[in-house]
Structures are given as structure tokens and as C-alpha cells.
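What follows is a single structure, written as C-alpha cells, with notes after it.
In the text below, chain A, chain B and the rest are named by the order of the sequence lines, each starting its count at 1.
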Protein chains: 2
Amino acid sequence: MSRRDEILDVAVAVLEEEGPDALTMRELATRMGIRAPSLYKHVRDKDDILAGVQERALIALAQHLAAAGPGLAGLADAYRSWARAHPRLYEVATRRPLARERIAPGVEAAAAAPIVAAAGGDAHLARALWALAHGLVDLELSDRFPPGADLDATWRTALRGFEPPPSPTRS
Amino acid sequence: MSRRDEILDVAVAVLEEEGPDALTMRELATRMGIRAPSLYKHVRDKDDILAGVQERALIALAQHLAAAGPGLAGLADAYRSWARAHPRLYEVATRRPLARERIAPGVEAAAAAPIVAAAGGDAHLARALWALAHGLVDLELSDRFPPGADLDATWRTALRGFEPPPSPTRS
DNA sequence: ACCTGAACACCGTTCAAGT
DNA sequence: ACCTGAACACCGTTCAAGT
């Protein structure tokens, strides 16, 4: 494993255990048993580390979505549950511009694929679904909904507009 | 005007003109012709300033939404256009937890009111609409959509799920 | 009441130097 | 190839002191 990958491992650990404020070059170095300036031999700067974390987060999210239960509801559950399990990673994955030059091609597409599939290949519908899920998650993670709000019900209402019409069942 | 309000004026100006990195206590003080430590006689800390900016941003957004054109499309246009005109303020307004103790009661409700009205009073539907608009705006402001994507079309697709069914017109 | 100078405990980052 | 010590230009914040 490259030294850069070791740094990213530690960065993810710090982020999840202690939050973004603790993610300093000195903290990373201390955990690795070296001094902060030494990190610069393996990464360009702190932003390079965040781009690496973003890439890892997108890969993990993509895997989680690919294993989702069936239907739009299954996908939505997978999206929300991953974000709630990894709120700091979700933030790094979505709140900063995509580091398109630093992230391996295909990562973005892999994360998007299950959503595009759920949208039947309609790119606009896929973006709308993604935005809806992201908006719900982002506002929930930022504690913007009134305390005690029934967010399960909010998700059901939100998805209703996008469900395929129920297939007529023979009675 | 209180000294605190003057500080908030300057904070909003710095944020919109130079971005969040330039919003330092020293920069605020310099613009006011004083030294950074003097600010602490008028605000508790930097977070107090951000809470004040958040409150102002919500008030401005609420006013803009209240003056929106008719229908869901008019409201959506108003939401998106305000966010694009004031991206830094939009960020402060939505990306941080609501400073419920520091913000005048009613501000949150005023911002929500036009959305709740468009949802016909259905709180879950209102939250879903808000999340959809927020998600679209947040991803656009973070440059997460592919360059060149037709976001007008994405918005139309997104809102389609929530439009009231077209009233049958006599032919 | 309002402001200041000096200081503290931090940041990210550079660079010459060591092994 | 990898790491270090010292330093630089910043942060937010505290506090005794001045008017």
C-alpha cells in the first residue's frame, strides 16, 4: 500500500471518529508517527487529501447503492442509510466540488449508475431523484427539520411523485 | 443601528464580495477601522456572527419567495434564482444547523410559509418540495452536475412529480 | 462604553538539512 | 527515498490596560 493510501486511511478514520475540525495535517502526522511536513512528500496539500477521501466515499456509496433492495424505495433506503452511517464522509463526498481531475474516471458514473437505472435511463429524472435524496439527507444531517418530524413519512411522500403508477391488478 | 448590526452588514459584504475564506475577525475589524479583539465586545464569537448572517439570509430568502410568480414553477424559479444570486448566503443559510436559539422566532416559519402554501398545507409534501429544491440548488452550486447539463429541463422534470394533475380543459 | 497591544494556542505550508 | 527542525504567515480568542 502506498504511503498516500495510508494517509487516506488515517484521514478517513480521523474524520469519522473526531470530525472535520480534527482533520489537521499535524493530527494525521501524529497518528502516523511522523511530523506534519513529511506528509507533503506524499500528497500535494490538504485539498489533495480531501479529494482522496471524496473518491473513497463515492466508491463506498456506490457499492452500497449497488447492493440496495429492489425498487425506488430500496434505493432510497440505501442512500439514506449510508449517509446516516457515514455523515462526515457524505459531507466530503457531496459538499465540495467534484475533484474531477483527481478522481479516477468511472467512480462518478458508478455512484450514479443505480440511480440512472432506477430512472429508466432518463438523465433528467435521475438528476431529479438524486437531488431529492440529497436534499432530504443534507437537511436531515444539518438538523434542519423540526425536531420530532417523521422523516420516514416525508421520504414516502417525496418518492410518491416518482413512483411508476401502480400496475393494474386483476381483482 | 447597533454595533452588532454594523458587524453583520460588513460580514455579509465580505462574504458576498470575497467568499467565506475572507470572512475573518481581522478582516471584519479592518473594514470597520478597529482591531479584531474589539469585536468581542459586540458579538460572542465568530459563530454568533454566522448565526446573524444566517438569520439575515433566511429573511431575504423568505421575502424573495413571498414575491414569487404564481404556481409551483414560480416558487421554484424564485428559490433557484435567489440561491444563484447569493450563493454564499445560501450556503450559510442552509449548510449549518439552524441556530434556533439565536434566530428570532418566526423567521424560519416565514421562509417556509410559501412552500407550505404551495403544498396545500401538507407538511410532508412541503418538506419534500423544500428538499427537492434544496438538493437541486446545492448540487448546482457545488458544480456537481456534468458541465453543460440542461438544468432548466432537470427542474421541469423534477417538479412534474409534484404538479397537481392538469385540470381537464374543454376542447 | 469602547477600543488596544500583547499574547496564547493553534493552523497550512516551505525549505534547507539530515539519514 | 523519507523524514525533521525551524520558520513564516496566518487563524480565533483572552485579558489587562487605556480613554
Side-chain angles (χ1 to χ4, degrees), chain A residues 1-57 88-89 91-93 95-97 99 101-103 142, chain B residues 1-57 88-89 91-93 95-97 99 101-103 142:
Chain A
M1 185 195 298
S2 78
R3 212 81 173 99
R4 182 172 196 274
D5 283 333
E6 288 181 53
I7 293 173
L8 294 183
D9 281 352
V10 176
V12 168
V14 171
L15 202 52
E16 298 216 66
E17 291 165 19
E18 302 186 64
D21 288 351
L23 189 63
T24 68
M25 301 303 275
R26 284 169 175 84
E27 172 67 18
L28 293 179
T30 298
R31 286 207 186 202
M32 298 185 67
I34 59 178
R35 311 286 168 217
S38 306
L39 295 170
Y40 291 83
K41 292 293 169 184
H42 309 102
V43 295
R44 174 133 50 103
D45 50 23
K46 189 177 177 180
D47 228 62
D48 190 28
I49 296 175
L50 287 172
V53 172
Q54 182 182 46
E55 180 177 28
R56 289 181 171 217
R88 323 286 199 173
L89 288 181
E91 255 185 51
V92 172
R95 281 197 175 179
R96 53 197 355 265
E101 276 97 39
R102 305 205 203 191
I103 287 188
S142 300
Chain B
M1 185 194 300
S2 79
R3 213 81 172 96
R4 182 172 195 274
D5 284 332
E6 288 181 54
I7 293 173
L8 295 183
D9 281 351
V10 175
V12 168
V14 170
L15 202 53
E16 298 217 66
E17 291 165 19
E18 302 186 62
D21 288 352
L23 189 63
T24 68
M25 300 303 274
R26 284 169 174 85
E27 172 66 19
L28 293 179
T30 298
R31 287 205 186 204
M32 298 185 68
I34 59 178
R35 311 285 167 215
S38 306
L39 295 170
Y40 291 82
K41 292 293 168 184
H42 307 101
V43 295
R44 174 134 48 105
D45 51 22
K46 188 176 177 181
D47 228 61
D48 191 27
I49 295 176
L50 288 172
V53 172
Q54 182 182 46
E55 182 177 26
R56 289 181 172 215
R88 324 285 201 172
L89 288 181
E91 256 183 52
V92 172
R95 282 198 174 178
R96 53 196 355 266
E101 275 98 40
R102 305 204 204 193
I103 287 188
S142 301

Given A/Leu15, A/Leu8, A/Val43, A/Leu23, the one that forms side chain to side chain contact (heavy atoms under 4.5 Å, CB included) with A/Leu50:
A/Leu23

d(CD1, B/Ile34; P, C/dA1) in whole Å
17 Å

Let me have a per-nucleotide readout for nucleotides 12-19 of chain D, 5' to 3', with B, S or -, counting only protein heavy atoms under 4.0 Å.
BBBB----

Just how far, in rounded Å, is P of D/dC2 from CE of A/Met32?
11 Å

Name the closest nucleotide to the B/Arg3 side chain, picking from D/dG5, C/dC2, D/dC2.
C/dC2

Which whole-number value in Å describes the distance from A/Glu6 CD to D/dC3 C1'?
14 Å

Distance test, side-chain N/O of B/His42 to OP1/OP2 of C/dA1, below 4.0 Å
no

Report the distance from atom CZ of A/Arg4 to atom NE2 of A/His42, rounding to the nearest 0.5 Å.
11.5 Å

Residue pair B/Arg95 / A/Ser142, side-chain heavy-atom distance below 4.5 Å:
no

Which pair of heavy atoms, one from B/Ala51 and one from B/Arg102, lies closest together, and at what distance?
CB-CD, 3.9 Å

In whole angstrom, what separates B/Ile7's CD1 from C/dC2's P?
11 Å

Can you tell if the side chain of B/Val92 reaches within under 4.5 Å of the side chain of B/Arg96, non-hydrogen atoms only?
yes

Test side chain to side chain contact (heavy atoms under 4.5 Å, CB included) applied to A/Leu39 and A/Ile7, A/Val10, A/Asp45, the passing residue:
A/Ile7

Any strand counts, and the cut-off is 3.5 Å on both contacts for Watson-Crick or G-U wobble. Which nucleotide pairs with D/dA7?
C/dT13

Does any nucleotide pair with D/dT19 by Watson-Crick or G-U wobble geometry, both distances under 3.5 Å, and what is it?
C/dA1

Nearest whole angstrom, please: distance from the P of C/dC11 to the CG of A/Asp21.
10 Å

